[in-house]
Amino acid sequence: QVPPARCALFDPAFSAREAAALRALGLCLLPENEEGKHGVEGAATLFYMVHCGKALYNNLLWSNWSPAALSKLVIVGNSFRGIEERLLSRILERDYSYIAKVLKGVEEVALPSHPRYLDTFNDTSVHWFPLDKLQELSPEVWDFVEEPMYQDCEDLEIIRKGE
């Protein structure tokens, strides 16, 4: 069982009342909008990121861009395969390059759909990154570590710092 103090949360849409309630439950609220750029710092970490924008997933991957760090990550969120299917490959590679580069190193299992909420959680999957699969990727994949900027991205689905 994970102690509440080890559960870090952030949503730029949290109201003051919501934040106070979460703190009262003993949960840790991150002090600022990291735009998904949160490192696992060597510990196995579960990220619950349902209905998040593609840039948040891309930023999370970038901030943990090594086989050692990614192998400690589990993401419950939008299907990476679904993202790949819905985006033109040139857009995926230009705007969300870390998602594009890790597709061959990720395992993904769709969560079962609920008949009452077919349109709500229909694209939710559990993602994990087996170390052996990550190590099979070409060494060049790990060389490029430029921070994502999204200046050409037309449909950026995140709340940026300071917004």
Side-chain angles (χ1 to χ4, degrees), residues 1-14 18-19 21-84 87 92-112 121 123-150 153 156-163:
Q1 186 164 352
V2 178
R6 295 239 3 238
C7 296
L9 305 166
F10 185 82
D11 188 326
F14 282 151
E18 289 168 327
L22 293 167
R23 283 190 193 93
L25 292 171
L27 300 167
C28 173
L29 268 63
L30 297 175
E32 66 179 42
N33 183 354
E34 297 178 340
E35 298 179 352
K37 298 170 186 170
H38 190 81
V40 296
E41 300 172 10
T45 306
L46 171 69
F47 290 86
Y48 182 76
M49 301 174 67
V50 295
H51 301 300
C52 288
K54 296 176 284 298
L56 285 175
Y57 301 109
N58 198 59
N59 287 349
L60 178 63
L61 295 171
W62 168 76
S63 52
N64 293 285
W65 197 245
S66 74
L70 287 175
S71 67
K72 303 254 191 273
L73 232 102
V74 174
I75 301 171
V76 177
N78 299 350
S79 168
F80 284 11
R81 302 284 175 224
I83 291 170
E84 178 186 30
L87 277 181
L92 180 64
E93 291 167 16
R94 182 192 72 197
D95 295 339
Y96 310 107
S97 63
Y98 293 95
I99 294 172
K101 289 189 282 191
V102 84
L103 286 170
K104 291 182 181 158
V106 65
E107 292 287 333
E108 177 178 326
V109 174
L111 292 181
F121 296 103
D123 194 38
T124 305
S125 294
V126 178
H127 307 80
W128 67 98
F129 307 85
L131 185 58
D132 58 332
K133 282 188 88 167
L134 295 171
Q135 291 172 333
E136 290 173 9
L137 299 177
S138 72
E140 296 80 37
V141 165
W142 306 108
D143 291 343
F144 183 80
V145 291
E146 187 176 309
E147 183 173 1
M149 299 308 288
Y150 309 108
C153 186
L156 193 61
E157 305 164 309
I158 66 171
I159 296 173
R160 303 298 301 251
K161 266 185 196 179
E163 285 184 9

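When all heavy atoms of A55 and Y96 are compared, the pair lying nearest together is N-CE2, 3.6 Å. Scanning all heavy atoms of the two residues, the minimum distance from K37 to P148 falls at NZ-O, 4.4 Å. The shortest non-hydrogen separation linking G36 to S63 is O-OG, 4.0 Å. Shown here for A8 and L30, the closest heavy-atom pair between the two residues is CB-CD2, 3.9 Å. Heavy atoms only, all atoms of each residue included: S125 and A110 are closest at OG-CA, 3.5 Å. Shown here for Y57 and G77, the closest heavy-atom pair between the two residues is OH-CA, 3.5 Å.
The 12-atom threshold is not exceeded at CD of E146, counting heavy atoms of other residues, nucleotides or ligands nearer than 6.0 Å. In R6, the CZ atom is not crowded: 12 or fewer heavy atoms of neighbouring residues, nucleotides or ligands sit closer than 6.0 Å.
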### Task
Run the numbers on V106 and I99 for side-chain contact (heavy atoms from CB on, under 4.5 Å), then give the verdict.
CA-CA 10 Å; V106 65; I99 294 172; over 6 Å; no
### Task
Begin with the C-alpha distance, continue with both residues' side-chain angles, and end with the deciding distance and a verdict on side-chain contact (heavy atoms from CB on, under 4.5 Å) for D95 and N58.
CA-CA 9 Å; D95 295 339; N58 198 59; over 6 Å; no
### Message
Please evaluate residues F80 and H127 with respect to the criterion side-chain contact (heavy atoms from CB on, under 4.5 Å), reporting the C-alpha separation (whole Å), side-chain torsions for both, the decisive distance (0.1 Å), and the verdict.
### Response
CA-CA 8 Å; F80 284 11; H127 307 80; 3.5 Å; yes
Name every donor-acceptor pair, under 3.5 Å, that has one atom in a side chain of residues 64-71 and the other anywhere in the protein, sequence neighbours excluded.
from	atom 1	to	atom 2	distance (Å)
N64	OD1	V40	N	2.8
N64	ND2	H38	O	2.9
N64	ND2	L60	O	2.9
W65	NE1	V141	O	3.1
S66	OG	A69	N	3.1
S71	OG	P67	O	3.1
S71	OG	A68	O	2.9

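Without hydrogens or angle criteria, E108 side chain to R81 main chain gives a donor-acceptor distance under 3.5 Å. At least one donor-acceptor pair closer than 3.5 Å links the side chain of N78 to the backbone N or O of C52.
K101 meets the side-chain hydrogen bond (donor to acceptor under 3.5 Å, both in side chains) test with no other residue; sequence neighbours excluded. Listed by chain and residue number, S15 satisfy the side-chain hydrogen bond (donor to acceptor under 3.5 Å, both in side chains) test with E18 (two or more places apart in sequence, or in another chain).
The line from CE of M49 to OG1 of T124 is 12.5 Å long, rounded to the nearest 0.5 Å. Residue K104 holds its NZ atom at 8.5 Å from CG of L137, rounded to the nearest 0.5 Å.
A heavy-atom distance below 4.5 Å is found between the side chains of L61 and F129. At least one side-chain heavy atom of I158 sits under 4.5 Å from a side-chain heavy atom of N59.
Salt bridge R160/E35: present, at least one basic N to carboxylate O contact under 4.0 Å.
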